[in-house]
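Worksheet for the structure shown next.
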Amino acid sequence: MARFLIKRLGQAVLVILAVGLLSFLMVRTVGDPVQSMVREDATVAERAALRARLGLDDPVPIQFAKYLGRAMQGDFGISYRNQRPVAEMIVERLPATLELVLVATVLALAIGIPLGVITAIRPRGPLANGVQAVSLVGVSTPTFVTGILLILLFAVTLRWLPSFGRGETVELGWWSTGFLTLSGWRALLLPSLTLALFQMTLIMRLVRAEMIEILQSDYIRFARARGLPQHDIHYRLALKNALMPVLTITGMQIGGLIAFAIVTETVFQWPGMGLLFIQAVQFADVPVMAAYLMFVGLVFVALNALVDVTYAVVDPRLRTGGAA
Amino acid sequence: MSAVLSAPPRVGALFLASPKAMISSAVALILILSALCAPWIAPHDPFALGSFSLMDSELPPVWSEGGDPRFLLGTDTQGRDVLSAILYGMRVSLLVGFAAVAISAAVGTLFGLVAGFRGGWLDAVLMRLADVILSFPTILIALLVSGIARGLLPDTRQEDYAVLVLILAIAINEWTQYARTVRGQTLVEASLDYVKAARLSGLGDGRILARHILPNVLSPVIVIATINLALAVLAEATLSFLGVGMPATQPSLGTLIRIGNENLFSGVWWVVVFPALTLVLLVLSVNLFGDWLRDALNPRSE
């Protein structure tokens with residue numbers, strides 16, 4: 001077990017180092033940091049002084065080591081565009097994105113699981129056919145179009161919900177939350193629904209596939225033979241066993257959801273990390289891009305490692321094999 | 001091309017028996033052809049300054065009150081014909097889509113063939129690279145490529161290179177699928193007797209790959225390419241919508257939707273809804289056709 005853990009952690013560290021190298025190379029090679037930081041009329045001596053102060057005269061491997069060292073202390077440099085520490089900007093935006101992702105995940109589970117169960121129980125029923133048709137159009141509709149159509153319907157035409165921003169937020173220490181005000185919840189509704197659609201289809205299909213397999217297994221047939229109520233068989237006996245892989249995949253998808261929130265945040269002008277990143281891309285603000293990449297990479301690696309380790313704890317057969 | 005050439009009678013018969021295949025391919029074909037012929041069939045030239053005037057701005061579609069018969073789907077805030085803008089925009093979207101598919105299919109197939117046939121460190125490097133790319137969301141990688149390109153290119157030339165940057169940003173994600181599939185297929189083919197025979201008869205590796213293995217791995221490549229065309233068009237639209245794709249001077253469908261979205265609240269819904277519907281219809285028809293093709297070309301699906 002200890003050997004598996006060490007191996008898995010070693011892999012995680014390697015991936016983080018690779019992502020760190022990519023971020024570093026980006027900061028180092030794209031654009032000239034000196035050029036983007038000094039005044040227009042700076043003298044050659046001033047530029048040289050800044051170069052030395054930024055450590056740009058050191059050998060590249062040493063620069064990389066320093067970059068990683070600073071990153072580990074939460075120092076990702078200064079944004080070219082805003083002239084503010086990148087870490088500060090990301091921390092400021094973090095609550096908005098995490099709250100959006102959290103609500104979207106809950107919504108996706110709350111709608112996806114029942115739909116999956118129903119379509120598994122009655123694969124030819126009207127609901128299953130309807131869901132099939134909707135999901136066919138759904139995979140061909142980009143998120144931003146869904147978002148715009150929702151805005152058009154609920155914000156422009158019906159005027160029920162706001163179309164942009166987070167509404168009123170409450171500061172809890174450094175965390176600003178929209179969960180404590182009515183306008184915060186109203187603002188959350190459309191963006192989180194848009195983001196949830198991305199996962200909902202996946203969850204639905206997964207539940208459906210698991211359920212169909214489980215419903216054919218012996219213990220369900222025995223339960224039927226004993227005459228247990230249908231509802232209990234489906235929702236208590238079968239669903240419980242179908243949920244484990246669903247929760248795992250949902251957990252692993254959270255990294256993807258954070259990245260995917262870029263589009264949703266742009267549509268709804270949601271002041272999260274995705275909006276920060278897209279503005280950084282538009283203005284080639286490399287330190288912000290690099291820090292965002294490191295952050296998402298870290299989330300990905302941490303979630304994957306967590307899932308692998310959990311599985312190894314639960315299922316001893318996986319410990320010996322070289323898990324990817 | 002033996003796998004593909006031997007397939008037509010069966011695939012052709014399946015095609016004629018499937019309304020899904022016929023309708024989806026017809027819709028896709030009509031859209032692609034009308035995009036190709038945009039300069040001849042579009043009622044107006046949306047790029048010729050002076051051909052549109054602010055007097056005509058924000059006219060609704062022809063069937064609603066205040067519509068003008070000259071502008072079937074209405075006009076945008078500058079008085080441009082929405083239908084013509086869509087036709088020209090679809091051209092740009094499809095150009096990027098087809099180019100990204102062509103490049104990623106060529107590169108991915110080549111990498112897959114070489115990785116599967118040669119094995120060794122090259123195989124390991126290429127496949128690990130594919131693993132890393134596949135483990136990150138397409139949109140994130142495409143945005144990074146686009147941001148890096150923005151940093152490297154001088155400000156004045158960015159619009160000229162927008163198409164190339166988009167194609168690269170999409171292709172960099174999509175080659176992985178071809179590479180993985182072709183590699184697996186190549187491993188199987190390379191172990192078969194006919195390849196051994198070819199080798200014994202003194203053919204070189206390049207010739208064996210090109211003449212014997214390539215034709216037998218092509219049908220999955222065609223299926224992936226069809227489905228990836230839909231994905232590439234979607235990716236292009238998303239990047240352009242986010243403001244890092246095609247500029248407003250050469251709008252794609254995504255750019256049109258972005259511009260329309262900025263004026264959503266003034267009630268000019270047609271400027272955003274029609275390009276969006278066109279995009280969905282295009283992607284849906286290509287997706288459905290790709291779905292059908294996958295089943296039709298897959299002998300195991302029978």
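Any value given below was found using the heavy atoms of this structure, including those in side chains, with hydrogens, waters and symmetry copies removed. Lettering of chains follows the sequences in order, A, B, ..., and the numbering in each one begins at 1.
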**Request:** Please state whether the side chain, the backbone, both or neither of B:V273 comes within less than 4.5 Å of a heavy atom of chain A.
**Result:** side chain
**Fill in**
If you tally heavy-atom pairs under 4.5 Å between each of B:D131, B:I139, B:T238 and chain A, the highest tally belongs to B:T238
**Message:** Considering only residues two or more places apart or on different chains, which pairs with a residue in residues 259-268 of chain A satisfy side-chain hydrogen bond (donor to acceptor under 3.5 Å, both in side chains)?
**Reply:** A:T97-A:E265
**Message:** Set out, in order, the CA-CA distance, both residues' side-chain angles and the distance that settles side chain to side chain contact (heavy atoms under 4.5 Å, CB included) for B:L140 and A:F277, then state yes or no.
**Reply:** CA-CA 10 Å; B:L140 185 63; A:F277 178 67; 4.0 Å; yes
**Prompt:** Does any N or O in the side chain of A:Q282 come within less than 3.5 Å of the main-chain N or O of B:G147, such that one atom is a donor and the other an acceptor?
**Reply:** no
**Item:** Rounded distance (nearest 0.5 Å) linking atom CD1 of A:I151 with atom CG of B:N261
**Value:** 6.0 Å
**Request:** Under the side chain to side chain contact (heavy atoms under 4.5 Å, CB included) rule, collect the residues that match up with B:Q177, sequence neighbours excluded.
**Result:** B:I224, B:N228
**Prompt:** Heavy-atom distance under 4.5 Å to chain B: side chain of A:V19, backbone, both or neither?
**Reply:** side chain
**Item:** Heavy-atom closest contact (B:L242 atom, A:V263 atom, distance)
**Value:** CD2-CA, 4.1 Å
**Complete:** Under a 4.5 Å heavy-atom criterion, the part of residues 291-303 of chain A in contact with chain B comprises A:Y292, A:L293, A:V296, A:G297, A:F300
**Message:** As an exercise, state the distance from CG of B:L288 to OG of A:S140, rounded to the nearest 0.5 Å.
**Reply:** 6.5 Å
**Prompt:** Any side-chain heavy atom of A:V145 sitting closer than 4.5 Å to one from B:F241?
**Reply:** no
**Prompt:** Side chain, backbone, both or neither: which part of B:L144 has an atom under 4.5 Å from a heavy atom of chain A?
**Reply:** both
**Message:** At a 4.5 Å cut-off on heavy atoms, which part of B:A237 comes close to chain A: side chain, backbone, both, or neither?
**Reply:** both
**Message:** For A:V281 versus B:L143, what's the shortest heavy-atom pair and its separation?
**Reply:** CG1-O, 3.6 Å
**Item:** Per-residue contact mode, B:V272 against chain A (heavy atom under 4.5 angstrom)
**Value:** side chain
**Request:** Determine whether more than 12 heavy atoms belonging to other residues, nucleotides or ligands lie under 6.0 Å from atom OH of B:Y161.
**Result:** no
**Results of side chain to side chain contact (heavy atoms under 4.5 Å, CB included) for A:P287 - residues two or more places apart only** = A:Y80, A:V86, A:D285
